[in-house]
Amino acid sequence: QVQPVESGGGLVQPGGSLKLSCAASGSISGIYDMGWYRQAPGKERELVAIITSGGSTNYADSVKGRFTISRDNAKKTVYLQMNSLKPEDTAVYYCNVGASSWFRAGINTYWGQGTQVTVSS
């Protein structure tokens, strides 16, 4: 199994910054695309940012210029640096990892349990 675990969420004032981390553990033979999603109460889960195995990135328009996604393949970790946070960024943030396993064929998608980010005065 592959288990992504997020950390770094919390309460921050508008204009502040947070850095989220997501480390994938388990019998991983390869890690491919990794991304961050978020879901606010009453809303659909939406893509925030994605980074491919080659390092290419894409961002939702709402976070472009404020958030930066990065990865450390040696640590099997993806990060999300969030700057200039706004109240509308408040949501549960989920890590998504595309990975291959020694004990499961093909590339599969795994979700973390989520970490709460609250932007409020």
Side-chain angles (χ1 to χ4, degrees):
Q1 294 183 340
V2 177
Q3 301 89 39
V5 179
E6 303 97 334
S7 63
L11 175 65
V12 65
Q13 297 184 30
S17 298
L18 283 175
K19 187 173 184 178
L20 306 182
S21 299
C22 174
S25 63
S27 300
I28 300 170
S29 60
I31 294 182
Y32 301 90
D33 294 358
M34 306 177 79
W36 288 96
Y37 296 72
R38 67 186 181 187
Q39 187 168 21
K43 295 186 177 181
E44 297 286 326
R45 186 174 299 186
E46 64 175 352
L47 174 68
V48 176
I50 189 169
I51 184 167
T52 70
S53 60
S56 297
T57 59
N58 285 290
Y59 299 89
D61 289 340
S62 60
V63 307
K64 192 172 296 182
R66 299 187 297 120
F67 291 10
T68 302
I69 188 170
S70 61
R71 61 190 289 162
D72 186 330
N73 290 334
K75 296 181 178 179
K76 299 182 179 66
T77 301
V78 61
Y79 306 94
L80 185 67
Q81 177 66 51
M82 305 184 294
N83 299 324
S84 302
L85 283 162
K86 305 174 181 179
E88 51 263 44
D89 295 319
T90 297
V92 177
Y93 284 69
Y94 296 91
C95 173
N96 180 265
V97 176
S100 58
S101 170
W102 294 113
F103 302 104
R104 186 176 180 183
I107 302 171
N108 297 278
T109 299
Y110 303 89
W111 291 93
Q113 77 287 345
T115 185
Q116 178 70 49
V117 172
T118 302
V119 185
S120 176
S121 299

If you group Ile, Leu, Val, Met, Phe, Trp and Tyr by side-chain heavy-atom gaps below 4.5 Å, do M82 and Y37 land in one group?
no
Co-membership, hydrophobic cluster, residues I69 and Y94, 4.5 Å side-chain
no
Show, in sequence, the C-alpha distance, side-chain angles and deciding distance for V117 and T90, and conclude whether the side chain to side chain contact (heavy atoms under 4.5 Å, CB included) test is met.
CA-CA 5 Å; V117 172; T90 297; 6.0 Å; no
Output side-chain donor-acceptor pairs under 3.5 Å for residues 48-58, partner residues at least two apart or in another chain, one line each.
residue, atom, partner, partner atom, Å
T52, OG1, G54, N, 3.3
T52, OG1, G55, N, 3.4
T52, OG1, S56, N, 3.1

Working to the nearest 0.5 Å, report the span between OG of S25 and CD of Q1.
10.0 Å
Do D61 and K64 sit within salt-bridge range, that is, some charged N less than 4.0 Å from a carboxylate O?
yes
Output for pair (S27 OG, F103 CZ), nearest 0.5 Å, gives 4.5 Å
Counting only N and O atoms by type, is there a donor-acceptor contact under 3.5 Å from the side chain of Y59 to the main-chain atoms of L47?
no
Could you please spell out the steps behind the side chain to side chain contact (heavy atoms under 4.5 Å, CB included) verdict for I31 and R71?
CA-CA 11 Å; I31 294 182; R71 61 190 289 162; 3.3 Å; yes
Spacing of OG belonging to S120 relative to CG belonging to D89, to within rounding of 0.5 Å
12.5 Å
Let me confirm one number: the CD-OG distance from Q81 to S17, rounded to the nearest 0.5 Å.
6.0 Å
Between R38 and Y93, is any side-chain donor less than 3.5 angstrom from a side-chain acceptor?
yes
Test of understanding: clusters of I, L, V, M, F, W, Y form through side-chain heavy atoms closer than 4.5 Å, transitively. Do F67 and V12 belong to the same one?
yes
V78 vs S70 side-chain heavy atoms within contact, under 4.5 Å:
no
C22 SG to K76 NZ distance, which is reported to the nearest 0.5 Å
13.0 Å
Pair listing, side chain to side chain donor-acceptor pair (under 3.5 Å) test, anchored in residues 108-119, at least two apart
E6-Q113, R104-N108, Q116-T118
Going from CH2 on W36 to CG on N96, what distance comes out if it is rounded to the nearest 0.5 angstrom?
10.5 Å
Between L80 and T68, does a side chain to side chain contact (heavy atoms under 4.5 Å, CB included) hold up when you go through it step by step?
CA-CA 6 Å; L80 185 67; T68 302; over 6 Å; no
State whether the number of non-hydrogen atoms from other residues, nucleotides or ligands found under 6.0 Å of E44 atom CD is greater than 12.
no
Quick one: do Y79 and V2 end up in the same hydrophobic cluster if we chain Ile, Leu, Val, Met, Phe, Trp and Tyr together by side-chain heavy atoms under 4.5 Å apart?
no
Please check if atom CD in Q39 has more than 12 non-hydrogen atoms from other residues, nucleotides or ligands closer than 6.0 Å.
yes
Is the shortest side-chain heavy-atom distance between Q13 and S121 below 4.5 Å?
no
Is the backbone N or O of S100 less than 3.5 Å from a side-chain atom of S29, with the two atoms forming a donor-acceptor pair by type?
yes
Judged by modelled atom types alone, do D72 and T77 share a side-chain donor-acceptor pair under 3.5 Å?
no
